[in-house]
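Below is one structure, written out as structure tokens; the observations come after it.
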Amino acid sequence: MSSIQPIRNDLAVADPAIELINVTRRFVSPTGKTLTALSDFTMTVGRGEFVAVVGPTGCGKSTTLNLVTGLAKPSAGEVRLMGGPVKGIDPRVGFSFQKDALFPWKNVIDNVMAGPLFRGRSKAEAERAAKDWLARVGLSKFLHHYPHQLSGGMRKRVALAQTFINEPEILLMDEPFSALDVQTRTVMHEELLKLWAERQASVVFVTHDLEEAVALADKVYVLTAGPATVKSVYRIELPRPRVVSEIRYDQNFIDYCKTIWEDLRQEVETSYRRASQAA
């Protein structure tokens, strides 16, 4: 029997970056029916902490991110950033989507410069910063290429540079690598961990891939089948820096995946059963 056990979800975190406190989120469907996406949901992310969130399809993981960004408001409970309430879109928050948020009519460097220019930096400053970040993600030779001229992995590197150039204190990532092949995804994991180690942003990373969650995170939240609440929380005591391409063969990594999957599997089966009954 595994010695890995979930931790208490009510443990205090000193100086948290993100707090969702007993949050419920309801919305009205197109048919007029009131649906609950999150119920009595509590999550705390420390400053510089990398948190992954896993759960069944449609359980409300993306809704959690929308509450942190300020794009959605809780129906009950409280959402706090850096000790204060969320008041609309916060410039300290960066967001990485499943689909690339690149402008197809702009080349690589112009895409990466767009954020700093929007925030009021001079063109010269934005260009210097963009070249620096593109060098960090290995794309210095592709400054004047357009998105359609890049591979999927290269576009993701541009997206990372596009996000990190704004120096976010909080980084929200919604299945950013799910469309990539396994080899490219591993490379992107390494890139993300390297950039995160440099910036020490607080990260919430939503994924359906449990191995991805364990490989990257300090802490993994397992959500119930919708309406989502926190079923369990696991602290991942694997040493850093981590080499994702190698850590998957570590016995401790395998044990974490097996233990957390037992928790997650029950919720996936519940979600699947409900969907089958509804159909």
Side-chain angles (χ1 to χ4, degrees), residues 50-59 61-62 65 94-104 106-109 111-112 133-165 171-199 201 203-218 220-223 236 238 240-254 256-258 260-261 264-265 268 271-272:
F50 198 125
V51 167
V53 179
V54 297
T57 299
C59 75
K61 298 185 295 297
S62 297
L65 300 186
F95 206 115
S96 183
F97 300 90
Q98 184 174 358
K99 282 193 170 185
D100 305 320
L102 304 181
F103 301 115
K106 289 181 179 287
N107 62 22
V108 166
I109 191 165
N111 262 289
V112 179
W133 277 104
L134 287 166
R136 295 190 198 195
V137 297
L139 291 176
S140 291
K141 295 182 179 180
F142 297 88
L143 304 186
H144 303 292
H145 284 61
Y146 286 83
H148 73 272
Q149 297 172 312
L150 305 177
S151 68
M154 293 167 76
R155 288 196 299 272
K156 285 298 181 184
R157 292 188 192 189
V158 177
L160 285 180
Q162 192 182 46
T163 300
F164 276 96
I165 194 173
L171 180 57
L172 308 177
M173 309 191 80
D174 193 357
E175 298 188 69
F177 307 137
S178 61
L180 301 177
D181 61 78
V182 174
Q183 295 90 338
T184 305
R185 192 185 306 180
T186 299
V187 172
M188 293 310 304
H189 291 159
E190 305 286 0
E191 294 286 352
L192 172 60
L193 288 178
K194 181 177 68 176
L195 296 177
W196 169 72
E198 290 178 9
R199 295 299 313 160
V203 178
V204 180
F205 190 101
V206 165
T207 179
H208 280 100
D209 186 333
L210 179 56
E211 289 190 4
E212 181 177 61
V214 174
L216 296 176
D218 297 313
V220 174
Y221 277 76
V222 179
L223 306 191
I236 307 301
L238 297 173
R240 295 194 186 275
R242 297 178 191 167
V243 180
V244 176
S245 58
E246 298 176 4
I247 200 171
R248 297 173 187 273
Y249 304 103
D250 184 287
Q251 187 58 51
N252 290 328
F253 174 86
I254 295 169
Y256 275 115
C257 289
K258 285 182 176 179
I260 300 173
W261 170 242
L264 179 58
R265 178 177 57 82
V268 171
S271 179
Y272 180 78

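Values below: every heavy atom of this structure, side chains too, minus hydrogens, waters and symmetry copies.
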(request) Indicate yes or no: at least one non-hydrogen side-chain atom of Phe164 is less than 4.5 angstrom from one of Leu192. (result) yes

(message) If I compare all heavy atoms of Glu190 with all of Val243, which pair ends up nearest, and what's the gap?
(response) OE2-C, 3.5 Å

(request) Supply the atom-to-atom distance Ser178 OG to Glu212 CD, rounded to the nearest 0.5 angstrom. (result) 8.0 Å

(request) Identify whether the distance between the nearest side-chain nitrogen and carboxylate oxygen of Arg136 and Glu198 falls below 4.0 Å. (result) yes

(request) Of all the heavy-atom pairs spanning Ala217 and Ile236, show the shortest one and how long it is. (result) O-CB, 3.4 Å

(message) Within the 4.5 Å heavy-atom criterion, are Leu195 and Val137 side-chain neighbours or not?
(response) yes

(message) How long is the straight-line distance from CG of Leu210 back to NZ of Lys258, given to the nearest 0.5 Å?
(response) 13.0 Å

(message) With a 4.5 Å cut-off on side-chain heavy atoms, are Arg157 and Val187 touching?
(response) yes

(request) To the nearest 0.5 angstrom, please state how far the CZ atom of Arg155 sits from the CG atom of Asn111. (result) 11.5 Å

(message) With heavy-atom distances below 4.5 Å as the criterion, would you say the side chains of Val158 and Val112 are in contact?
(response) yes

(request) Over all heavy atoms of both residues, which pair between Asp209 and Arg185 is shortest? Give the atoms and the distance, please. (result) OD2-NH1, 2.9 Å

(request) Side-chain contact test, heavy atoms from C-beta onward, threshold under 4.5 Å: evaluate it for Leu193 versus Phe50 and give yes or no. (result) yes

(request) Starting at NE2 of His145, measure out to CG of Leu139 and round the result to the nearest 0.5 Å. (result) 10.0 Å

Could you list the donor-acceptor pairs under 3.5 angstrom formed by side chains in residues 146-153, with sequence neighbours left out?
from	atom 1	to	atom 2	distance (Å)
Gln149	OE1	Tyr146	N	2.7
Ser151	OG	Met154	N	3.2

(request) Indicate yes or no: at least one non-hydrogen side-chain atom of Leu171 is less than 4.5 angstrom from one of Trp196. (result) no

(request) Can you see which heavy atom on Leu143 is nearest to which on Ser140, and at what distance? (result) CG-O, 3.3 Å

(request) With rounding to the nearest 0.5 Å, note down the distance linking NE2 in His208 to OG1 in Thr57. (result) 3.5 Å

(message) Taking the side chain as everything from C-beta on, heavy atoms only, tell me whether Lys156 gets closer than 4.5 Å to Thr184.
(response) no

(message) Show the nearest heavy-atom pair for residues Leu134 and Ile109, with the distance to one decimal.
(response) CD1-CA, 4.0 Å

(request) Could you check if a side-chain atom of Glu211 sits within less than 4.5 angstrom of a side-chain atom of Phe253, using non-hydrogen atoms only? (result) yes

(message) For the CG atom of Asp181 and the OG1 atom of Thr186, what is their distance to the nearest 0.5 Å?
(response) 8.5 Å

(message) Tell me if a side-chain donor or acceptor on Lys61 pairs with a main-chain N or O of Gly55 at a distance below 3.5 Å.
(response) yes

(message) Looking at every non-hydrogen atom in both residues, tell me the closest pair between Arg240 and Leu216 and how far apart they are.
(response) NH2-O, 2.6 Å

